[in-house]
Amino acid sequence: MQMSRLFAPTLKESPQEAEIVSHSLMLRAGLIRQVSAGVYTFLPLGLRTLDKITNIVREEMNRAGGQELLMPALHPADLWKETGRWQVYGPELIRFKDRRERDFCLGPTHEEVITDLARKEIRSYRQLPLLLYQIQTKFRDEIRPRFGIMRAREFLMKDLYSFDRDVEGLKESYEKMYRAYCRVFERCGLEYKAVPAESGVIGGDVSHEFLILAESGEEKLMVCQSCSYGTTREEEVCPQCQTHLEEKKGIEVGHIFQLGTKYSEPMKAYFLDRDGKEKPLVMGCYGIGIGRTMAAAIEANHDDKGIRWPVSIAPYEVAVIPVNSKKESHREQAEKVYRALLEQGFEAVIDDREASAGYKFNEADLIGFPFQVIVGEKAEKGGMLEIKIRRNGERIEVSQEGVIQLLRELKKNHGETREP
RNA sequence: CGGGGCGUAGCGCAGCCUGGUUAGCGCACCUGCCUUGGGAGCAGGGGGUCGGCCGUUCAAGUCGGCUCGCCCCGACCA
């Protein structure tokens, strides 16, 4: 992509509505624009990152045996009345009537719709266990949308539902998802913690929250330094290894629940078990806020210059920057490197604009390309290029011939994408 | 929903208290020259229903009422 063509309207100053860093940087780097309170447009760069996270989530859900489907956002009230949530859910549920005066709502979550599907299609224990998921836009009329896309009224979420014949099976599915979640956040390059949680409106017994550790996080948690233990409760000492717990803050990006038969019973989602008896499906549900993860990633990865994307979720991996676009040698060499990068499968942009070097550097830092290939004076004389690593500010000189190889290595070292 | 704050050019702001030429500044944008290793410089230029409605007044960005929108703090959540 040529920066001269890229639709990424950046801002030098922070708009006054943005209170937290991620919101401000998403606006400034041209990732999102607000349409209404809690309602946003994702611009090309923002969408690329959103897609990267989505794809990591999709890969890990598939790896764990999940099958993707897509449910409607539009729900008939009847389903919600069956579980009683039409009454219970409150004004957060966006309700309306169609032209025939029938009640509808926009789906804030999909237990009702998936359970309806399950009861119609699952007959036998032979079809179990079953893991179904979707990545879809959810609607919640939040009392107070906040912090940009951190708490939006319309947002992208992955929700997976597990169906098992008994509690034992549920526990296995739950374990599987727990591990899949760990892989998702690791691959996104994020420091996270899973902690036992209250299950809230969704219902059910056991549940865990997944939190991205960030200073600006709204949730307090206690973290053990020597093992992976984390909790939201006040405990002073780790029950697993007796080490002193440290207080941290986190942003909730995922939540997994063991639902049991909370939805299958009232909706009569039964299957025939091996013993010939009809039993309710034992369910679990597992959510990840995709946009929220994106915002949390920025909260956890930024400096005063801008975003420092982990490679795996950066909108582009490399920016090629000719210091002076008017100098033919800069331009030509930059072009050459850029084309080579594309050929080698890198996601790259070239800053072909006739802006000052400082302007281009600052903008590259703001957007947060993990690697910048700078083509300047040294390239004119000895053909040496410079690679700047956004994460730590390190600069490495490299010959034109060595640039691809070096970037490959850097990507491997700095890429948190842990391929199994 | 309760409490607080803000709406003046794309963004950031001044002007409002104490009403009075043509509503101003910085950045961004357009043209030209010049410049290019950390958001350059000079010259010229475009862009405003001062959120909206009603009122007070000879006169309203400025005063009063209503209204809409947005942000922040609280209960809730991915």
Side-chain angles (χ1 to χ4, degrees), chain A residues 9-20 23-24 27-28 30 33-39 53 57 88-93 107-110 135-160 181 184-185 197-202 207-212 218-219 250-257 285-296 304-306 321-327 330-331 351 353-367 372 374-380 385-386 388 393 395:
Chain A
T10 57
L11 305 169
K12 203 165 173 179
E13 288 167 290
S14 177
Q16 48 133 238
E17 76 250 26
E19 195 73 10
I20 62 166
H23 188 195
S24 170
L27 291 168
R28 291 221 292 130
R33 283 295 181 267
Q34 186 180 61
V35 174
S36 178
V39 181
I53 297 171
V57 169
V88 177
Y89 213 91
E92 207 172 295
L93 188 64
T109 176
H110 284 242
I135 295 164
Q136 194 230 24
T137 301
K138 298 280 190 268
F139 298 85
R140 295 184 190 173
D141 194 359
E142 290 286 345
I143 298 169
R144 185 153 85 86
R146 235 203 283 217
F147 301 147
I149 65 166
M150 194 71 91
R151 183 183 309 174
R153 293 195 295 172
E154 177 181 326
F155 59 97
L156 196 62
M157 174 170 157
K158 182 283 304 179
D159 46 327
L160 183 144
Y181 272 45
V184 165
F185 298 118
E198 303 294 324
S199 41
V201 228
I202 308 277
S207 110
H208 282 84
E209 284 177 14
F210 282 77
L211 304 160
I212 302 298
E218 288 188 274
E219 290 205 37
I251 299 161
E252 186 188 352
V253 291
H255 206 151
I256 60 179
F257 303 86
C285 76
Y286 315 83
I288 292 179
I290 308 281
R292 186 116 117 196
T293 300
M294 180 171 166
D304 56 341
K305 288 290 208 174
I321 304 175
V323 167
N324 185 344
S325 297
K326 277 204 174 151
K327 282 195 181 163
H330 289 198
R331 217 176 48 229
D351 201 337
R353 296 172 297 182
E354 282 183 12
S356 72
Y359 180 88
K360 291 190 274 194
F361 292 147
N362 279 314
E363 193 153 281
D365 286 347
L366 174 64
I367 293 171
Q372 296 169 21
I374 299 161
V375 182
E377 238 176 82
K378 292 168 219 148
E380 284 175 58
L385 306 175
E386 182 179 315
K388 179 185 161 185
R395 290 162 191 276

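The analysis underlying the following values was restricted to heavy atoms, covering all of them including side chains, and did not include hydrogens, waters or symmetry mates. Here is the naming used below: chain letters follow the sequence lines, and residue numbers restart at 1 for every chain. As the structure is a prediction and not an experimental result, all values here were calculated from the model.
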A.B. asks: Going from CZ on A:F155 to CD on A:Q136, what distance comes out if it is rounded to the nearest 0.5 angstrom?
C.D. replies: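 Atom-to-atom, A:F155:CZ and A:Q136:CD are 10.0 Å apart.
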
A.B. asks: Between B:C66 and B:G47, how many Å separate the two C1' atoms, rounded to a whole number?
C.D. replies: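 That atom pair is separated by 32 Å.
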
A.B. asks: Quick one: side-chain contact (heavy atoms from CB on, under 4.5 Å) partners of A:S24, sequence neighbours excluded?
C.D. replies: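 With neighbours one apart ignored, the set is A:S14, A:A18, A:R28.
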
A.B. asks: Between the protein and nucleotides 72-75 of chain B, are there any N/O to N/O pairs under 3.5 Å, and if so, what are the atom names and distances?
C.D. replies:
from: B:C72; atom 1: OP1; to: A:F147; atom 2: N; distance (Å): 3.4
from: B:C73; atom 1: OP2; to: A:R144; atom 2: NH1; distance (Å): 3.0
from: B:C73; atom 1: OP2; to: A:R144; atom 2: NH2; distance (Å): 2.6
from: B:C73; atom 1: OP2; to: A:R146; atom 2: NH1; distance (Å): 3.2
from: B:C73; atom 1: N4; to: A:R144; atom 2: NE; distance (Å): 3.4
from: B:G74; atom 1: OP2; to: A:R146; atom 2: NH1; distance (Å): 3.1

A.B. asks: Checking all strands, does A:A18 fall into the base, sugar-phosphate, or nothing category for heavy-atom contacts under 4.0 angstrom?
C.D. replies: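 Contact class for A:A18: none.
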
A.B. asks: Fit a plane to each ring of A:F257 and A:H255, take the angle between them on a 0 to 90° scale, and name the class: parallel (under 30°), tilted (30 to 60°) or perpendicular (over 60°).
C.D. replies: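 Answer is parallel, since the angle falls under 30°.
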
A.B. asks: The test is side-chain contact (heavy atoms from CB on, under 4.5 Å); show your working for A:Y359 and A:R353 and say whether it passes.
C.D. replies: CA-CA 10 Å; A:Y359 180 88; A:R353 296 172 297 182; 4.0 Å; yes

A.B. asks: Output one line per pair: protein atom, nucleotide atom from nucleotides 37-39 of chain B, and distance, for all N/O pairs under 3.5 Å.
C.D. replies:
from: B:G37; atom 1: N1; to: A:E386; atom 2: OE1; distance (Å): 3.0
from: B:G37; atom 1: N2; to: A:E386; atom 2: OE1; distance (Å): 3.2
from: B:G37; atom 1: N2; to: A:E386; atom 2: OE2; distance (Å): 2.7
from: B:G37; atom 1: N2; to: A:R395; atom 2: NH1; distance (Å): 3.1
from: B:G38; atom 1: O6; to: A:R395; atom 2: NH1; distance (Å): 3.4
from: B:G38; atom 1: O6; to: A:R395; atom 2: NH2; distance (Å): 2.3
from: B:G38; atom 1: N1; to: A:D365; atom 2: OD2; distance (Å): 3.1
from: B:G38; atom 1: N1; to: A:K388; atom 2: NZ; distance (Å): 3.4
from: B:G38; atom 1: N2; to: A:N362; atom 2: OD1; distance (Å): 3.2
from: B:G38; atom 1: N2; to: A:D365; atom 2: OD2; distance (Å): 2.1
from: B:G39; atom 1: O4'; to: A:N362; atom 2: ND2; distance (Å): 3.0
from: B:G39; atom 1: O2'; to: A:K12; atom 2: NZ; distance (Å): 2.6
from: B:G39; atom 1: N2; to: A:Y359; atom 2: OH; distance (Å): 3.1
from: B:G39; atom 1: N2; to: A:E363; atom 2: OE1; distance (Å): 3.1

A.B. asks: Rounded to whole angstroms, how far apart are NE2 on A:H208 and C1' on B:C77?
C.D. replies: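 Going from NE2 in A:H208 over to C1' in B:C77 covers 19 Å.
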
A.B. asks: Test of understanding: with side-chain contact (heavy atoms from CB on, under 4.5 Å), list the residues that count as partners of A:A379, not counting sequence neighbours.
C.D. replies: A:Q333, A:V375, A:L385

A.B. asks: Please name all residues satisfying side chain to side chain donor-acceptor pair (under 3.5 Å) with A:T10, sequence neighbours left out, ordered by chain then number.
C.D. replies: A:E363

A.B. asks: Is A:S36 close enough to B:C70 that one of its side-chain N or O atoms is under 4.0 Å from OP1 or OP2 there?
C.D. replies: yes

A.B. asks: Heavy-atom distance under 4.5 Å between the side chains of A:D365 and A:Q372, does that happen here?
C.D. replies: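 With C-beta onward as the side chain, the pair touches.
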
A.B. asks: Can you tell me how far C1' in B:G41 sits from the matching atom in B:A78, rounded to whole Å?
C.D. replies: 50 Å

A.B. asks: Does A:D159 have any salt bridge (Lys or Arg N to Asp or Glu O under 4.0 Å) partners at least two apart in sequence or in another chain, and if so, which?
C.D. replies: A:K138

A.B. asks: Tell whether A:K327 reaches the base of B:U36 with its side chain through a donor-acceptor pair below 3.5 angstrom.
C.D. replies: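 No, the side chain and the base share no sub-3.5 Å donor-acceptor pair.
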
A.B. asks: With sequence neighbours left out, what residues match A:E142 under side chain to side chain donor-acceptor pair (under 3.5 Å)?
C.D. replies: none

A.B. asks: With a 3.5 Å limit on both atom pairs, tell me what B:G47 is paired to, counting Watson-Crick and G-U wobble, or say none.
C.D. replies: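 Looking at the geometry, B:G47 pairs with no nucleotide.
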
A.B. asks: Nearest-nucleotide wise, let me know which of A:E92 and A:K326 is further upstream toward the 5' end of RNA chain B.
C.D. replies: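 This one resolves to A:K326.
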
A.B. asks: Between P on B:C71 and CG on A:L27, what's the gap in Å once rounded to a whole number?
C.D. replies: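 Going from A:L27 (CG) to B:C71 (P), I get 11 Å.
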
A.B. asks: Send over the distance from A:Q34 CD to B:C11 P, rounded to a whole Å.
C.D. replies: 11 Å

A.B. asks: Can you list the residues that meet the side-chain contact (heavy atoms from CB on, under 4.5 Å) rule with A:N362, with sequence neighbours excluded?
C.D. replies: A:K305

A.B. asks: Could you please name the partner base of B:G38, counting Watson-Crick and G-U wobble pairs only when both distances are under 3.5 Å?
C.D. replies: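 With both distances under 3.5 Å required, B:G38 matches none.
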
A.B. asks: What integer number of Å spans the P atoms of B:G37 and B:G10?
C.D. replies: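 Those two atoms are separated by 33 Å.
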
A.B. asks: For B:C16, give its Watson-Crick or G-U wobble partner with both distances under 3.5 Å, or none.
C.D. replies: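 Partner of B:C16: none found under 3.5 Å.
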
A.B. asks: Check side chain to side chain donor-acceptor pair (under 3.5 Å) between A:Q16 and all other residues, then give those that pass, not counting sequence neighbours.
C.D. replies: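 If we apply the side chain to side chain donor-acceptor pair (under 3.5 Å) test to A:Q16, skipping adjacent residues, there are no hits.
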
A.B. asks: Roughly how many Å is it from CD in A:E219 to P in B:C76, rounded to a whole number?
C.D. replies: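 These atoms are roughly 11 Å apart.
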
A.B. asks: Judged by each residue's nearest nucleotide on RNA chain B, which is more toward the 5′ side, A:E252 or A:G38?
C.D. replies: A:G38

A.B. asks: Which base, if any, makes a Watson-Crick or G-U wobble pair with B:C70, both distances under 3.5 Å?
C.D. replies: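 Result: B:G5.
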
A.B. asks: Return the pairing partner of B:C53 with a 3.5 Å limit on both distances, Watson-Crick or G-U wobble; otherwise return none.
C.D. replies: B:G65

A.B. asks: In whole Å, what separates the P atom of B:G39 from that of B:G52?
C.D. replies: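 It works out to 38 Å between them.
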
A.B. asks: Name all residues meeting the side-chain contact (heavy atoms from CB on, under 4.5 Å) criterion together with A:E386; count only those two or more places apart in sequence or in a different chain, and write none if there are none.
C.D. replies: A:I374, A:K378, A:R395

A.B. asks: For B:A60 versus B:U8, give the span between their C1' atoms, rounded off to a whole number of Å.
C.D. replies: 14 Å

A.B. asks: Would you mind reading off the distance between A:E142 atom CD and B:C70 atom P, rounded to a whole angstrom?
C.D. replies: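 The answer, rounded to whole Å, is 15 Å.
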
A.B. asks: Residues in side chain to side chain donor-acceptor pair (under 3.5 Å) with A:E13, at least two apart?
C.D. replies: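 Result, side chain to side chain donor-acceptor pair (under 3.5 Å) vs A:E13: none returned.
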
A.B. asks: Can you tell me how far P in B:C53 sits from the matching atom in B:G61, rounded to whole Å?
C.D. replies: 12 Å

A.B. asks: What is the distance from CD1 of A:I135 to C1' of B:A78, rounded to the nearest Å?
C.D. replies: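 Rounded to the whole Å, the gap is 14 Å.
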
A.B. asks: With side chains defined as the heavy atoms from C-beta onward, is the minimum distance between A:I288 and A:F210 less than 4.5 Å?
C.D. replies: no

A.B. asks: May I ask which nucleotide in the shown strands pairs with B:C27, Watson-Crick or G-U wobble, both distances under 3.5 Å?
C.D. replies: B:G10

A.B. asks: Distance check, C1' atoms only: B:G26 and B:A14, in whole angstrom units.
C.D. replies: 11 Å

A.B. asks: Between residues 286-296 of chain A and RNA chain B, which residues have a heavy-atom gap below 4.0 Å?
C.D. replies: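 A:G289, A:R292, in order of number.
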
A.B. asks: Which whole-number value in Å describes the distance from A:Q16 CD to B:G5 C1'?
C.D. replies: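 After rounding, the reported distance stands at 10 Å.
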
A.B. asks: Rounding to the closest angstrom, what is the interatomic distance between B:U22 and B:G4 at atom P?
C.D. replies: 39 Å

